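Because the structure is predicted, anything quoted here is derived from the model rather than measured.
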Amino acid sequence: MMNASPPRPDRRTELLAAGAATVTVVLWASAFVSIRSAGAAYSPGALALGRLLAGALALGAICLVRREGWPPRPAWRGIALSGVLWFGCYMVALNWGEQQVDAGTAALVVNIGPILIALLGARLLGDAMPPRLLAGMAVSFAGAVTVGLSMSGDGGSSVLGVVLCLLAAVGYAGGVVAQKPALGRASVLQVTTFGCLVGAVVCLPFAGQLVRDAADAPVSATLNMVYLGVFPTALAFTTWAYALARTTASRMGATTYAVPALVVLMSWLTLGEVPGLFTLAGGALCLAGVAVSRSRRRPRQATPPKDASDARPETAPDTRTG
């Protein structure tokens with residue numbers, strides 16, 4: 001599963017990948033706000049299945065319009081693993097875990113995911129671990145810890161909830177690392193669409209619960225579930241795959257540390273939850289760490305010679321005899 005590090009992309013490709021990553025983290029941050037509404041009416045497994053079905057329908061329609069065929073056989077291993085671990089297990093474990101622990105504890109545990117991605121990426125994909133990436137991840141994780149501690153409630157956590165959030169982090173990391181090689185063998189849309197379908201198949205045991213919950217759920221909760229499927233799943237996972245295909249798994253994992261900061265901002269704007277000083281400081285640290293992790297060291301410029309005579313090539317002495 002070892003891959004050579006991808007060559008450094010040109011400036012235009014870097015900007016497109018950065019834009020795609022930005023779309024992803026903004027939509028993933030918005031997902032936490034929507035999950036609060038939908039999660040009050042839908043059980044964890046039913047919410048995951050409904051979200052994946054909505055996402056699969058949206059992605060499938062795009063595939064039909066673009067006439068995308070089946071992924072090549074060599075890509076199926078990565079697609080299947082990412083579908084099971086990330087689209088399936090991660091979503092169920094996270095939805096369930098967030099019902100057992102407070103938001104702060106969930107943020108603390110789930111945010112070890114980018115660290116696991118970096119470790120697995122270095123071991124299995126041959127990803128480089130430059131000092132700036134490690135420093136940026138350390139700063140961002142400190143920010144995530146600060147946000148988590150500032151949001152933690154009293155006695156709102158359980159051992160089961162912590163274990164579920166840990167499983168979500170492991171599923172997220174494993175899914176990302178498995179997805180990276182598949183993107184070298186199949187298109188971004190193929191990898192995302194069929195990964196979402198695999199995740200929906202994994203969640204089919206919750207179909208009965210989804211039908212029962214949908215019958216009693218308010219329209220707002222159902223609309224939030226559909227939103228989760230179309231935007232934070234179909235669109236955001238596609239832009240994620242686009243960016244991941246053009247950089248390393250470690251660098252993309254570090255980018256998701258911007259999500260806690262954006263969640264704080266969106267909760268403030270949409271839910272009226274005014275963040276405290278420590279929460280704001282933690283969000284700022286998260287963003288600063290992402291900026292450091294995505295920065296590149298400037299190449300050193302060659303020092304010009306002091307004068308023109310220094311640049312002239314030396315000539316051999318004249319050894320002719322008269």
Side-chain angles (χ1 to χ4, degrees), residues 3-11 13-29 32 86 104 106-151 165 168-170 172-177 179-180 236 239-266 275 278-300:
N3 287 353
S5 297
R8 181 174 176 176
D10 56 33
R11 183 61 178 168
T13 302
E14 285 184 335
L15 290 175
L16 289 174
T22 301
V23 171
T24 297
V25 296
V26 170
L27 290 177
W28 282 356
F32 284 88
W86 195 7
L108 284 172
V109 179
V110 173
N111 273 298
I112 70 170
I115 298 175
L116 295 177
I117 290 174
L119 295 175
L120 290 174
R123 177 74 177 125
L124 300 177
L125 303 177
D127 285 354
M129 299 283 283
R132 286 174 182 248
L133 175 61
L134 296 175
M137 292 183 69
V139 172
S140 290
F141 185 70
V145 170
T146 304
V147 171
L149 291 176
S150 67
M151 295 170 62
C165 289
V170 172
Y172 161 49
V176 170
V177 174
Q179 189 185 62
K180 175 65 175 176
T239 52
W240 164 276
Y242 176 88
L244 179 61
R246 290 156 179 80
T247 186
T248 64
S250 304
R251 193 175 295 275
M252 279 302 294
T255 303
T256 60
Y257 273 124
V259 170
L262 294 176
V263 170
V264 170
L265 178 61
M266 290 180 181
F278 284 107
T279 304
L280 291 174
L285 281 175
C286 288
L287 295 177
V290 171
V292 171
S293 67
R294 294 195 64 87
S295 64
R296 294 184 183 274
R297 185 177 181 179
R298 294 181 178 178
R300 294 182 179 179

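One finds the CZ atom of Arg246 at 11.0 Å from the CE atom of Met252 (value rounded to the nearest 0.5 Å). Rounding to the nearest 0.5 angstrom, the gap separating the CD1 atom in Ile112 from the CD1 atom in Ile117 is 11.0 Å. With values rounded to the nearest 0.5 angstrom, Thr256 atom OG1 is found 11.0 Å from Leu262 atom CG. One finds the OG atom of Ser250 at 8.5 Å from the CG atom of Leu134 (value rounded to the nearest 0.5 Å). One distance of note links CG of Leu119 with CG of Asp127; it measures 11.0 Å at 0.5 Å rounding.
The heavy-atom pair separating Leu285 from Val139 by the smallest distance is O-CG1, 3.5 Å. Residue Ala17 comes nearest to Ala243 through the heavy atom pair O-CB, 3.5 Å, listed as atom of the first residue, atom of the second, then distance. The minimum heavy-atom distance between Thr255 and Val25, with the atom names listed, is O-CG1, 3.8 Å. Minimum heavy-atom separation, Thr239 to Ala236: OG1-O, 2.9 Å. Across all non-hydrogen atoms, the minimal contact from Arg251 to Pro130 is NH2-CG, 4.2 Å. A pairwise comparison of heavy atoms in Val177 and Gly121 identifies CG2-N, 4.2 Å as the closest pair.
A distance-only check finds a donor-acceptor pair linking the side chain of Thr24 to the backbone of Ala20 [under 3.5 Å]. Distance alone, capped at 3.5 Å, is enough to place a donor-acceptor pair between the Lys180 side chain and the Thr247 backbone.
Every residue two or more places apart in sequence or in another chain that forms a side chain to side chain donor-acceptor pair (under 3.5 Å) with Trp240 is listed here: Gln179. Legend: residues meeting side chain to side chain donor-acceptor pair (under 3.5 Å) with Tyr257, ordered by chain and number and at least two apart, are absent.
Between Tyr172 and Trp86, the two ring planes are tilted [angle within 30° to 60°].
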